[in-house]
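A short write-up of the structure that comes next.
Numbers restart at 1 for each chain; the letters A, B, ... are given by sequence-line order, proteins then strands.
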Protein chains: 2
Amino acid sequence: MSHVRYLCLMAVDREHVLRSAAALLTRKSTATMDEVAKAAGISRATLHRQFAGRDALVRALESLGIAECEAALDAARLDEGTAQEAVSRLVKELETAAGLLAFLYTENQLFEGDGQNEGWARLDARIAALFRRGQDSGEFRIDLTPAWLTEALYGLMASAAWAVAEGRVAAKDFHHMIAELLLGGALRREEP
Amino acid sequence: MSHVRYLCLMAVDREHVLRSAAALLTRKSTATMDEVAKAAGISRATLHRQFAGRDALVRALESLGIAECEAALDAARLDEGTAQEAVSRLVKELETAAGLLAFLYTENQLFEGDGQNEGWARLDARIAALFRRGQDSGEFRIDLTPAWLTEALYGLMASAAWAVAEGRVAAKDFHHMIAELLLGGALRREEP
DNA sequence: CGCACATGAGACATGAATGTCTCATTGAAT
DNA sequence: ATTCAATGAGACATTCATGTCTCATGTGCG
């Protein structure tokens, strides 16, 4: 039964291709299908056999990014402990997906039109709910809206991913930089 | 002497074209030259007469963005008062350039190769120097590097510009959102 | 060994964006 | 009114990424 093996190999390769594409497109968002194929170590023909076209590839990356984010949200256990700790865990869990997120964040074509993936709305809602929980518990200041804090989290993740990729900051500081800057702003300061 | 008037008109139109292009490309970074021309209310032929090609247009936008940033840095008087106040003034002065900055921030092709505009390095140095001044004076925490704070400022500006453009946050909160979040993170908290 | 199938290489057509060109028109200055 | 320059409209060739195709190769399996 080569059929089973066939499916297995396809799945593995598809995963590898998506990873390679994400890594390349994060650095050069205008990379051609040929460059994507070369980066994955396959031919352009095979790339087209796995993804109907560039659009399908980007959509698959979008689904992968959403899935990774949701997995990170689950792993971060946003409902446990203080909101501050939950945010810190979330940043930690999102670190591996930061590069992919940074790419998707700039693909604004994904968000025009009605066919936009509802996964983003789910993610936004869960993250915003976390910030709202922190506000309700008195941990976070209330003059910064959950929507803005969610946007800022995305933006800081993307900024850090690019800064690390270009060597302007150290990769090991990723979590500390984002969590400290974001929480320092979102956390209500003790009255002196 | 129509020659003088000729030069004057060219300058005015060029400015207008650049503004229109910046506004459009901020929303849709893949807009074609035809769309850019239509957005500026001119024909594609005239657009090509003013800018040799798409590359030249992007380069001109880059120069414009750098010039606006340097003007904002000058107007913010980064050496006066506390570093915190200077950062707040800087965010205020940069607000009008935020859309353009957001576009340039994602044009990572500008930063590959050796021919990258040295204006960015100058800007980075000036902004980083401001954060360093705040650290030296004890206003800002020292565990977040000036390089990262500079990156974070860019990232938050871009995030806020997009969020405002898409209606997720209110435009009037622009300065407050960025300055408060950034400073809250960069500012050393009072010991309880 | 022979079969099946995924792959790589490459040819080919298509479409889109670009860059260049000509020509008629407008508009302002003289 | 005449002249000059800029503009708009459009034709045109070119380039490039894309998408589809065929064919040869190799590799695993029966």
Query raised in the report: What pairs of residues pass the salt bridge (charged side-chain N to carboxylate O under 4.0 Å, His left out) test when at least one of them lies in residues 146-155 of chain A, not counting sequence neighbours?
Result: E151(A)-R168(B)
Query - Rounded distance (Å) that lies between atom P of dC16(D) and atom CG of D55(B) - result: 14 Å
Requested in this report: Would you please name every residue forming a salt bridge (Lys or Arg N to Asp or Glu O under 4.0 Å) with E93(B), sequence neighbours left out?
Outcome: none
Requested in this report: Tell me, please, which residues at least two apart from E118(A) pass side-chain contact (heavy atoms from CB on, under 4.5 Å).
Outcome: R122(A)
Requested in this report: Mind calculating the distance between CZ (R54(B)) and P (dT15(D)) to the nearest angstrom?
Outcome: 20 Å
Query raised in the report: Atom CG of L47(B) and atom C1' of dT7(D): how far apart are they, to the nearest Å?
Result: 13 Å
Report task. Using heavy atoms and a sub-4.0 Å distance, could you list which residues of residues 21-35 of chain B are near DNA chain C? By number, please. Result -> T32(B), M33(B)
Protein-nucleotides 20-25 of chain C N/O pairs under 3.5 Å:
none

**Report entry** Side-chain heavy-atom pair E70(B), I66(B) within 4.5 angstrom cut-off
**Finding:** yes
Mind listing the side-chain donor-acceptor pairs of residues 169-177 of chain B below 3.5 Å, one per line with the distance, residues two or more places apart or on another chain?
| unit_1 | atom_1 | unit_2 | atom_2 | d |
| --- | --- | --- | --- | --- |
| H175(B) | NE2 | S88(B) | O | 3.0 |
| H175(B) | NE2 | S88(B) | OG | 3.0 |
| H176(B) | NE2 | D143(A) | OD2 | 3.2 |

Query raised in the report: Who pairs with R133(A) by side-chain hydrogen bond (donor to acceptor under 3.5 Å, both in side chains), at least two apart in sequence or on another chain?
Result: none
Query raised in the report: Taking atom C1' of dT7(C) as reference, at what distance in whole Å does atom NZ of K38(A) sit?
Result: 15 Å
**Report entry** salt bridge (Lys or Arg N to Asp or Glu O under 4.0 Å) against R19(A), all qualifying residues, sequence neighbours excluded
**Finding:** E15(A), E68(A)
Requested in this report: Go through the structure and list residues passing side-chain contact (heavy atoms from CB on, under 4.5 Å) with A22(A), not counting sequence neighbours.
Outcome: L61(A), L100(A)
Requested in this report: Report yes if a side-chain nitrogen or oxygen of T46(A) is closer than 4.0 Å to either non-bridging phosphate oxygen (OP1 or OP2) of dG8(C); otherwise report no.
Outcome: yes
Query - Integer-rounded Å distance: dA6(C) C1' and I42(A) CD1 - result: 12 Å
